[in-house]
Amino acid sequence: MIGVLIFSLTLPMSRIAVAELHPLLVGLGRALAAAVPAILMLWITRSRRPTPKEWRAIILAALGVVLGWPLASTLAMRTVPSAHGAVINGLLPLCTAAFAALGTGERPSGRFWLWAVAGAALVIGFALREGGGAPQPGDLWLLLAVLLGGLGYAQGAQAARTLGGWRTICWALAVSAPFIAAPVGWLAWHAPVAPSPAAWLALAYLSFFSMFIGFFAWYRGLAQGGIAKVGQVQLLQPFLTVVAAALLFNEAVPPSTVICALAVIAVIAAGRRAAVRGARP
């Protein structure tokens with residue numbers, strides 16, 4: 001729940017940042033900024049190096065949540081409101097469960113999948129309705145973000161079972177830093193205007209909360225309680241994001257967005273009690 005509360009502000013903060021900064025700078029820059037305390041923590045605590053099996057999960061987690069989800073979701077925030085993105089983001093628990101079944105050995109029941117697919121159908125219908133019968137470019141970026149986020153959540157949680165939640169995200173950030181340092185430097189050097197304090201604060205939140213501290217709690221929770229089942233706690237995130245967009249960021253939120261967010265939460269939450277068989281030892 002702590003992780004979800006932190007993540008719920010990610011899309012509104014991304015929308016503030018991309019209003020003044022290049023989306024690629026926001027998407028990659030937050031990962032590079034978060035890599036600094038991550039590397040320091042690994043060095044100060046003299047953390048052991050991951051095993052080959054853990055490295056595989058960490059690299060996939062980095063591709064999903066350090067590079068893929070931030071980039072795709074940030075690009076989406078150029079064209080769609082954060083409340084709209086929150087509804088599409090409601091598919092994350094379904095994608096997390098799917099990747100947990102494919103890569104970690106968890107086996108959600110048929111009833112679980114039935115409710116999850118029903119929630120996905122609601123989200124797709126909402127996106128088509130908002131786009132006048134066709135998906136918007138922002139919707140496609142959000143769907144890609146959801147797929148990559150589900151992969152990163154499942155693989156990171158798998159590594160966290162033996163490595164620990166905070167070490168997993170720290171290693172994912174550390175291994176990504178050499179590949180993103182040059183692009184971030186180039187984008188920062190060619191930034192056309194100096195951003196406002198609000199843009200800097202939004203980027204700081206994305207870097208040190210959404211990209212770093214939030215994963216301490218999130219990966220630990222997924223590793224302890226089961227990826228597919230605990231991942232359903234994220235069903236609260238669309239509603240929290242919609243509320244934050246309206247109350248904290250003065251974003252206009254149509255009633256249809258609120259209704260759809262609540263419907264997605266209710267439908268997929270109905271599958272939370274469905275059986276999930278754990279991974280084989």
Side-chain angles (χ1 to χ4, degrees), residues 1-31 33-34 65 69-93 122-123 126-127 129-131 135-146 149 187 191-215 217-218 233-265:
M1 188 61 192
I2 293 172
V4 167
L5 286 171
I6 292 173
F7 293 155
S8 65
L9 294 182
T10 299
L11 292 181
M13 289 295 186
S14 297
R15 190 160 175 82
I16 292 174
V18 298
E20 301 182 42
L21 296 168
H22 194 286
L24 295 180
L25 179 59
V26 175
L28 295 176
R30 70 201 212 185
V65 301
W69 198 93
L71 280 174
S73 62
T74 302
L75 288 167
M77 289 299 98
R78 294 183 305 171
T79 57
V80 297
S82 56
H84 176 100
V87 177
I88 310 298
N89 222 33
L91 291 174
L92 257 175
L122 270 175
V123 170
F126 169 81
R129 179 183 178 278
E130 293 290 303
Q136 304 174 71
D139 291 330
L140 299 179
W141 282 117
L142 285 167
L143 289 173
L144 178 61
V146 165
L187 288 166
V193 293
S196 66
W200 280 122
L201 287 173
L203 184 58
Y205 184 93
L206 294 170
S207 300
F208 300 111
F209 287 91
S210 297
M211 193 76 265
F212 189 53
I213 295 173
F215 280 100
W218 184 241
V233 175
Q234 201 166 28
L235 290 168
L236 293 173
Q237 188 171 323
F239 178 73
L240 293 172
T241 300
V242 168
V243 171
L247 297 182
L248 301 180
F249 303 98
N250 296 318
E251 186 175 300
V253 180
S256 60
T257 299
V258 178
I259 292 170
C260 189
L262 293 174
V264 170
I265 292 169

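When reading the values below, keep in mind they use all heavy atoms of this one structure, side chains included, and skip hydrogens, waters and symmetry mates.
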Original post:
What are the two closest heavy atoms between L142 and G85, and how far apart are they?
Top reply: CD1-CA, 3.5 Å

Subject >> For S73 against A145, the heavy-atom pair lying closest together >> reply: N-CB, 3.8 Å

Original post:
By side-chain contact (heavy atoms from CB on, under 4.5 Å), which residues pair with I2, not counting sequence neighbours?
Top reply: I6, A217

Original post:
Counting only N and O atoms by type, is there a donor-acceptor contact under 3.5 Å from the side chain of R78 to the main-chain atoms of G138?
Top reply: no

Subject >> H22 side, atom NE2; L28 side, atom CG - distance, nearest 0.5 Å >> reply: 10.0 Å

Subject >> L203: which of I16, V18, L21 passes side-chain contact (heavy atoms from CB on, under 4.5 Å) >> reply: L21

Original post:
Taking atom NE2 of H84 and atom CG of D139, what is their separation to the nearest 0.5 Å?
Top reply: 3.5 Å

Subject >> Closest approach of G29 to S207 (non-hydrogen atoms, all atoms of both residues) >> reply: O-OG, 4.4 Å

**OP:** Can you measure from CG (L140) to CG (L144) and round to the nearest 0.5 angstrom?
**Re:** 9.0 Å

Original post:
How far apart are the C-alpha atoms of W141 and L71, what are their side-chain angles, what is the distance that settles it, and do they pass the side-chain contact (heavy atoms from CB on, under 4.5 Å) test?
Top reply: CA-CA 9 Å; W141 282 117; L71 280 174; over 6 Å; no

Subject >> Smallest separation among heavy atoms of L187 and L25, with atom names >> reply: CD1-N, 3.7 Å

List the atom pairs, with distances to 0.1 Å, where a side-chain N or O of residues 240-252 and a protein N or O form a donor-acceptor pair under 3.5 Å, not counting sequence neighbours.
{"residue": "T241", "atom": "OG1", "partner": "S8", "partner atom": "O", "Å": "2.8"}
{"residue": "T241", "atom": "OG1", "partner": "Q237", "partner atom": "O", "Å": "2.9"}
{"residue": "E251", "atom": "OE1", "partner": "S82", "partner atom": "OG", "Å": "2.7"}
{"residue": "E251", "atom": "OE2", "partner": "S82", "partner atom": "N", "Å": "3.1"}
{"residue": "E251", "atom": "OE2", "partner": "S82", "partner atom": "OG", "Å": "3.2"}
{"residue": "E251", "atom": "OE2", "partner": "A83", "partner atom": "N", "Å": "2.9"}

Original post:
A31 and M211: which non-hydrogen atoms are nearest, and at how many Å?
Top reply: CA-CG, 3.9 Å

Original post:
For T10, what residues pass the side-chain contact (heavy atoms from CB on, under 4.5 Å) criterion, not counting sequence neighbours?
Top reply: F7, S14, R30, W69, L206, S210

**OP:** Assert yes or no for the condition that the ring centre distance of F209 to Y205 is strictly below 6.0 Å.
**Re:** yes

